[in-house]
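Note on naming: letters A, B, ... go to the chains in the order of the sequence lines (proteins, then strands), and numbering restarts at 1 for each one.
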2 protein chains.
Amino acid sequence: MSSMSSPTSRMPSGERRESILAAATAVFGARSYAGTTTDEVAKAAGVSQPYVVRMFGTKQKLFLDVVDRAVQLTLSAFRAQLEGPAETRIERMGGAYVGLLAERGLLQTLNNAFLLGGDPEIGPQCRRLFVDVLHFVRNEVGMDSEQAFAFLGNGMLINTLVGLRLGGDYDRDPDVKDLYDACLGGGVGAALTLAPRADEPW
Amino acid sequence: MSSMSSPTSRMPSGERRESILAAATAVFGARSYAGTTTDEVAKAAGVSQPYVVRMFGTKQKLFLDVVDRAVQLTLSAFRAQLEGPAETRIERMGGAYVGLLAERGLLQTLNNAFLLGGDPEIGPQCRRLFVDVLHFVRNEVGMDSEQAFAFLGNGMLINTLVGLRLGGDYDRDPDVKDLYDACLGGGVGAALTLAPRADEPW
DNA sequence: GTCTATACAAAGATAGAC
DNA sequence: GTCTATCTTTGTATAGAC
């Protein structure tokens, strides 16, 4: 077995790329875009810092790739719910959204991205991706304007609860409990299990 | 007239403090917590960088003061709508929320704060403040669990649209238009006028 | 109350070896 | 494909003058 430091065991570039993207999603989600260091991403992925930069060019490009992947994963999760009875479609999509919590940092990374509209390079891509999601729910899922509004608002509130790491207050504050229940319906249990706790790094 | 550089015209410490907090709100809202430099805050406030640090101790304390002020301003805006007919109260509160866009960066700063739940110092205070708002709408305004859920989700979606700076797409994309209309009701006009554009620094 | 000068640490990116 | 070493810039915070 090769020594742990120095050349981390070789890996096909596609797999390595995916594992760095997943690690970066966790770190960006917990620390924000600017608050993330390429070194922390590297450590989380088990590679060296210069290697991360070398593979993605710049931290900014890495972030853009992470955000794009996050949106594609989200759309895939939604698309998987298109088959099946239309009456419960939106509810199933909500469940799929909660399932995305299994991808550490994904929802929080999206919310972070959605705050960077003022950045000349990041802003335009984030707007495009958000509009992609909007077009998907309106045109492919067939939601009307009111449904899309409610669905997206629900999603953003879930992101907030997750980003705040408010789950620890669920059984300490009845108002918090009510909000979680209204927001997550049957998915509360999954959300509380999957979401990061206040004291976890991510 | 005293020269523009060197001792900026003296100002009572309370006023200076408030003007730095307002400037910092704009910068934090546009650049996130980690992405903000104390120097940029200083420039926006028209004072020197060391002076900002000296007045607030650390960048972190400055941020905590900014976030606290943002929540207090929000609660004040809501409280001002408590008098008047109960039937339209929630709607009026929504209007008051849009009015907060006049305070540059306030809504975006809040959303940024709500993503920092994993920070050992910032997280606990942000949870407390969010729960304060929740308690206010439930107990002082008297919203039921469903109303609070819808109201807060609506708010978070507004924050997202503002942070993304999606207003420029309002009359370019019918789906975006519908979303703005559903989300902001009669307040669309105000929102589009008050929110920062994609190319503005804040 | 406010500034200039500066010390010191952190982090992105590059060069080049294996 | 992956690492070590390092250059360079930036940014927080301190010291001390006015």
Side-chain angles (χ1 to χ4, degrees), chain A residues 1-24 27-28 30-66 112 116 119-122 201, chain B residues 1-24 27-28 30-66 112 116 119-122 201:
Chain A
M1 159 187 9
S2 62
S3 79
M4 178 56 216
S5 319
S6 298
T8 306
S9 51
R10 254 176 136 75
M11 196 182 279
S13 137
E15 266 174 59
R16 183 65 83 188
R17 188 188 157 80
E18 171 62 18
S19 78
I20 294 177
L21 286 172
V27 183
F28 280 128
R31 303 238 189 289
S32 87
Y33 170 59
T36 290
T37 68
T38 53
D39 190 55
E40 218 169 354
V41 171
K43 286 200 172 70
V47 296
S48 71
Q49 179 267 331
Y51 184 59
V52 171
V53 173
R54 183 168 266 255
M55 177 166 267
F56 293 90
T58 63
K59 173 178 152 178
Q60 187 179 72
K61 283 181 186 142
L62 168 62
F63 183 69
L64 290 174
D65 283 350
V66 164
N112 271 292
L116 297 177
D119 184 286
E121 280 106 44
I122 300 178
Chain B
M1 158 184 12
S2 61
S3 81
M4 177 56 215
S5 321
S6 296
T8 307
S9 52
R10 254 176 137 76
M11 197 184 277
S13 137
E15 267 173 59
R16 182 66 83 188
R17 188 187 156 81
E18 171 62 18
S19 77
I20 293 177
L21 286 172
V27 183
F28 279 129
R31 303 240 190 287
S32 87
Y33 170 59
T36 290
T37 68
T38 53
D39 191 55
E40 218 169 355
V41 171
K43 285 198 174 69
V47 296
S48 73
Q49 179 268 330
Y51 184 60
V52 171
V53 173
R54 182 170 266 249
M55 178 166 266
F56 293 91
T58 64
K59 172 178 151 177
Q60 187 180 72
K61 283 182 187 146
L62 168 61
F63 183 69
L64 291 174
D65 282 351
V66 163
N112 270 292
L116 297 176
D119 184 285
E121 280 106 42
I122 300 178

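- Once rounded to the nearest 0.5 Å, the distance linking CG of A:L62 with CG of A:L21 reads 6.5 Å.
- With rounding to whole Å, B:D39 atom CG is found 14 Å from D:dT9 atom C1'.
- Atoms CG and CD, on B:D65 and B:Q60 in that order, are 11.0 Å from each other to the nearest 0.5 Å.
- Looking at residues two or more places apart in sequence or on another chain, you find no side-chain hydrogen bond (donor to acceptor under 3.5 Å, both in side chains) involving A:K61.
- One interatomic measurement links the two molecules: CZ of B:F63 to P of D:dT12, which rounds to 14 Å at whole-angstrom precision.
- Atom CD1 in B:I20 sits about 11 Å away from atom C1' in C:dG1, given to the nearest Å.
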Give me, pair by pair, the N or O atoms of the protein and of nucleotides 13-17 of chain C that are less than 3.5 Å apart, along with how far apart they are.
| unit_1 | atom_1 | unit_2 | atom_2 | d |
| --- | --- | --- | --- | --- |
| C:dA13 | OP2 | A:K59 | N | 3.0 |
| C:dA13 | N7 | A:Q49 | NE2 | 2.9 |
| C:dA13 | N6 | A:Q49 | OE1 | 2.9 |

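- The side-chain heavy atoms of B:P12 and B:R17, taken from C-beta on, include no pair separated by under 4.5 Å.
- Within 4.0 Å of B:T37, counting heavy atoms only, lie sugar-phosphate atoms of the nucleic acid but no base atom.
- Taking side-chain N and O atoms only, B:T8 has a distance below 4.0 Å to OP1 or OP2 of C:dC3.
- Rounded to whole Å, atom C1' of D:dA13 lies 12 Å from atom NZ of B:K61.
- C:dC3 atom C1' lies 14 Å from atom NZ of B:K43, rounded to whole Å.
- We find that CD of A:E40 is positioned 12 Å from C1' of C:dA10, with the value rounded to whole Å.
- Contacts of A:T37 classified as side-chain hydrogen bond (donor to acceptor under 3.5 Å, both in side chains), with partners at least two apart in sequence or in another chain: none.
- Under the ring pair (Phe, Tyr, Trp, His ring centres under 6.0 Å) criterion, B:F63 pairs with B:F28, B:Y33, sequence neighbours left out.
- In this structure, B:L62 atom CG and D:dG11 atom C1' are separated by 14 Å, rounded to whole Å.
- Using a distance-only test at 3.5 Å, with no hydrogens or angles considered, no donor-acceptor pair links the side chain of B:K43 to the main chain of B:S48.
- B:Y51 places its OH atom 17 Å from the P atom of D:dA13, with the value rounded to the nearest Å.
- Considering CZ of A:R16 and CZ of A:R10, their distance stands at 10.5 Å, rounded to 0.5 Å.
- Against DNA chain D, the stretch residues 10-18 of chain A makes heavy-atom approaches under 4.0 Å through A:R10, A:M11, A:S13, A:R16.
- In this structure, B:D119 has no side-chain hydrogen bond (donor to acceptor under 3.5 Å, both in side chains) partners at least two apart in sequence or on a different chain.
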